[in-house]
There are 2 protein chains.
Amino acid sequence: MAGQAQAGAGQPSPEKKATPGLRERQKEDRRSRIVDAARQLFASSGLEDITIEAIAEIAGVSSVTVHNYYGTKSGVLLALVAQSDRQLIETLERELAGKANNLVDLLEAFLDIICQHTLTHLDKAIWRQVIASSVNDTDPRFGKVYTALDERLAYVLITEIKVLQAAGHVNPAVKPGDLGKALFNLQNMRFIEFIATDTVSKDSVVEALKRDTTALLAAMQA
Amino acid sequence: MAGQAQAGAGQPSPEKKATPGLRERQKEDRRSRIVDAARQLFASSGLEDITIEAIAEIAGVSSVTVHNYYGTKSGVLLALVAQSDRQLIETLERELAGKANNLVDLLEAFLDIICQHTLTHLDKAIWRQVIASSVNDTDPRFGKVYTALDERLAYVLITEIKVLQAAGHVNPAVKPGDLGKALFNLQNMRFIEFIATDTVSKDSVVEALKRDTTALLAAMQA
DNA sequence: TAATAATTTTTATAGACTAAAATTATTTAT
DNA sequence: ATAAATAATTTTAGTCTATAAAAATTATTA
């Protein structure tokens, strides 16, 4: 196109990260249109009515394109979760910030916030499918994205553990990274328990986690 | 029927659990034929070629019947896992029996045996689908069966913890049930990590679990 | 503007799952 | 022993996810 060629030649653009080209922009546009369509469908009717076909129609692409972009339906849902997670991390950092003075309370607050966020922003059905795919999905992209989310959440926990350790509430010989990952795993099993069944309440899993941490942290004491 | 009525009246049978009736026997027969077919298919070609259609054909029933009996394909696979688990529990009890003298070693051995058993008897692909369904499956039967399996495994661990506690290696104030469930969960996340990716080795997750337990159990020490 | 390359759509197919109608076999009552 | 009542399976038909290959578009580049 004349216009484009002129602009490219006329400006002294570093040619590196200038205008990403029409194709790149179209891709980015389709990506977001697909996720937007999924969110829109979820908001109006819930997971049952989110079909790839419906997403494709709203997004103005073919169903095959949805698969090409996100691999699987779970891939699209994971994109929803990923967006909501940015907000979750902010909430976690704000709400936790040095408030607890021991590991049991810290982890309790951590799980509580995550469950609450799940109920408020997405819902259990979506998480079920996403977590199931985190184990099962053959598409390598899925695992990458999901692992990154988990690591970011674990990092928030590790940061708070460092604070506790600095305040002398945790054995200074223990590596905060190791402890944080272990506690995150512990908490994550209870979160999975929470989302796996519609009738399991937030309070019940938080209580269960408290029993976990209490027992573990006391196990070695004389 | 005259024959049945005669037998029932003639014999002093308690009428309680006599002959289960033809229909019951047929059901039991179909159930086992279906699992046998699945095992047969798995042995010859692996998970990819286990289709409901193929199972149904070998078992001599329709594909709809397979669904009626086991709910989902994962339900059939879970039946395979359940059978193999009986053997696993025997192995665990035999191999663990009072050998470890601390929690870290106990849990390490526990996970090691489970991973080894998985590789030897079934395979990761089957476990992936089963664990995914343990989160996702809508059929209530699945959850029931799966939970029962987990509880039986956790019970083995709890039993060993009681031994350690009796020997004075674990804080006697801690409830073995609570501690056992917490440790089981911890171990279970690493097992899931193990099966989720074909390339993750047994040794690497056992090492990771060791870091988990070491960090947790030391966290509260001065 | 024509040639080339990238990307999407079309088309076709396999497999899991579900619902309802039709069929077959077992029980039960006569 | 036979016929009616009952229970179960099979057939049929349809939806949805997912993948592959061919065909049609559309952007880029020369």
Side-chain angles (χ1 to χ4, degrees), chain A residues 1-9 15 18-31 33-34 38 41 45-57 59-78 129-130 132-133 136-139 141-142, chain B residues 1-8 18-31 33-34 38 41 45-57 59-78 129-130 132-133 136-139 141-142:
Chain A
M1 275 179 186
Q4 283 233 346
Q6 266 183 6
E15 207 73 57
T19 315
L22 178 52
R23 240 163 211 166
E24 295 300 314
R25 271 177 290 143
Q26 283 176 325
K27 273 193 205 170
E28 206 39 63
D29 194 47
R30 287 197 193 97
R31 279 193 89 79
R33 255 154 51 208
I34 289 170
L41 282 165
S45 24
L47 183 58
E48 314 81 49
D49 296 288
I50 306 184
T51 67
I52 298 279
E53 205 68 54
I55 291 173
E57 182 164 4
V61 295
S62 81
S63 62
V64 175
T65 296
V66 176
H67 278 110
N68 284 339
Y69 273 68
Y70 287 98
T72 62
K73 181 176 168 178
S74 297
V76 182
L77 297 180
L78 178 60
Q129 200 160 333
V130 169
S133 292
N136 214 13
D137 203 301
T138 51
D139 193 313
R141 283 171 292 177
F142 193 100
Chain B
M1 269 182 188
Q4 284 234 345
Q6 266 183 6
T19 315
L22 178 53
R23 231 157 223 172
E24 295 300 313
R25 270 177 291 144
Q26 281 177 326
K27 273 193 207 171
E28 207 38 63
D29 194 48
R30 286 198 194 97
R31 280 194 87 79
R33 257 155 48 210
I34 290 169
L41 282 166
S45 23
L47 183 58
E48 311 80 49
D49 295 288
I50 306 183
T51 69
I52 298 280
E53 205 69 54
I55 292 172
E57 182 163 3
V61 296
S62 80
S63 62
V64 176
T65 297
V66 177
H67 277 109
N68 284 340
Y69 274 68
Y70 287 96
T72 62
K73 180 175 169 179
S74 298
V76 182
L77 298 180
L78 178 60
Q129 199 158 333
V130 168
S133 291
N136 213 12
D137 203 302
T138 52
D139 193 314
R141 282 170 294 178
F142 192 100

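Because the structure is a prediction, the values reported are computed rather than measured. Quick note on labels: first sequence line is chain A, next is B, and so on, each numbered from 1.
Map B:Ser63 and B:Arg23 each onto its nearest nucleotide of DNA chain C; the residue landing nearer the 5' end is B:Ser63. Taking for each of A:Thr51 and B:Glu24 the nucleotide of DNA chain D with the nearest heavy atom, the 5'-most of the two is the partner of B:Glu24. Looking at which nucleotide of DNA chain C each of A:Arg30 and B:Ile52 is closest to, the 5′-most match is held by A:Arg30.
Residue contacts shown for A:Ile50 are limited to sugar-phosphate atoms, with no base heavy atom under 4.0 Å away. Counting non-hydrogen atoms under 4.0 angstrom, B:Gly75 reaches nothing in the nucleic acid.
Close to C:dT7, at under 4.0 Å from its OP1 or OP2, lies a side-chain N or O of A:Lys27. For D:dT9, the OP1/OP2 oxygens have a side-chain nitrogen or oxygen of B:Tyr69 closer than 4.0 Å. Look at A:Gln26 and you'll find a side-chain N or O under 4.0 angstrom from OP1 or OP2 of D:dA27.
Atom CG of B:Asn136 is separated from atom C1' of C:dA16 by 14 Å (rounded to the nearest Å). Across the protein-nucleic acid pair, B:Asn68 atom CG and C:dA19 atom C1' stand 11 Å apart, rounded to whole Å. Rounded to a whole Å, the CD atom of A:Glu57 is 12 Å from the P atom of D:dC16. For A:Asp139 and D:dT17, the CG to C1' distance is 14 Å, given to the nearest whole Å. Rounded to whole angstrom, the span from the CZ atom of A:Arg25 across to the P atom of D:dT26 amounts to 17 Å. Residue B:Gln129 contributes atom CD, which lies 9 Å from atom P of C:dA16 at whole-angstrom precision. The distance from atom OH of B:Tyr70 to atom P of C:dA16 is 16 Å, rounded to the nearest whole Å. At whole-Å resolution of the value, CD in A:Glu53 and P in C:dT10 are 10 Å apart.
Looking at the side chain of B:Thr72, the nearest of the listed nucleotides C:dT8, C:dC17, D:dT10 is C:dC17. When distances are taken from the side chain of B:His67 to each of C:dC17, D:dT17, C:dT10, the shortest belongs to C:dC17. Ranking C:dC17, C:dA19, C:dT8 by closeness to the B:Val64 side chain, first place goes to C:dA19.
B:Ser62 approaches B:Ala56 most closely through the heavy-atom pair C-CB, 3.6 Å. Taking every heavy atom of both residues into account, B:Leu41 and B:Ile50 meet most closely at CB-CG1, 4.0 Å. Here the closest non-hydrogen pair linking B:Arg141 and B:Tyr69 is NH1-O, 3.1 Å.
Side-chain atoms of B:Ser74 and B:Asp137 include no donor-acceptor pair closer than 3.5 Å.
Within a 6.0 Å radius of CD in B:Glu53, other residues, nucleotides and ligands contribute 12 heavy atoms or fewer.
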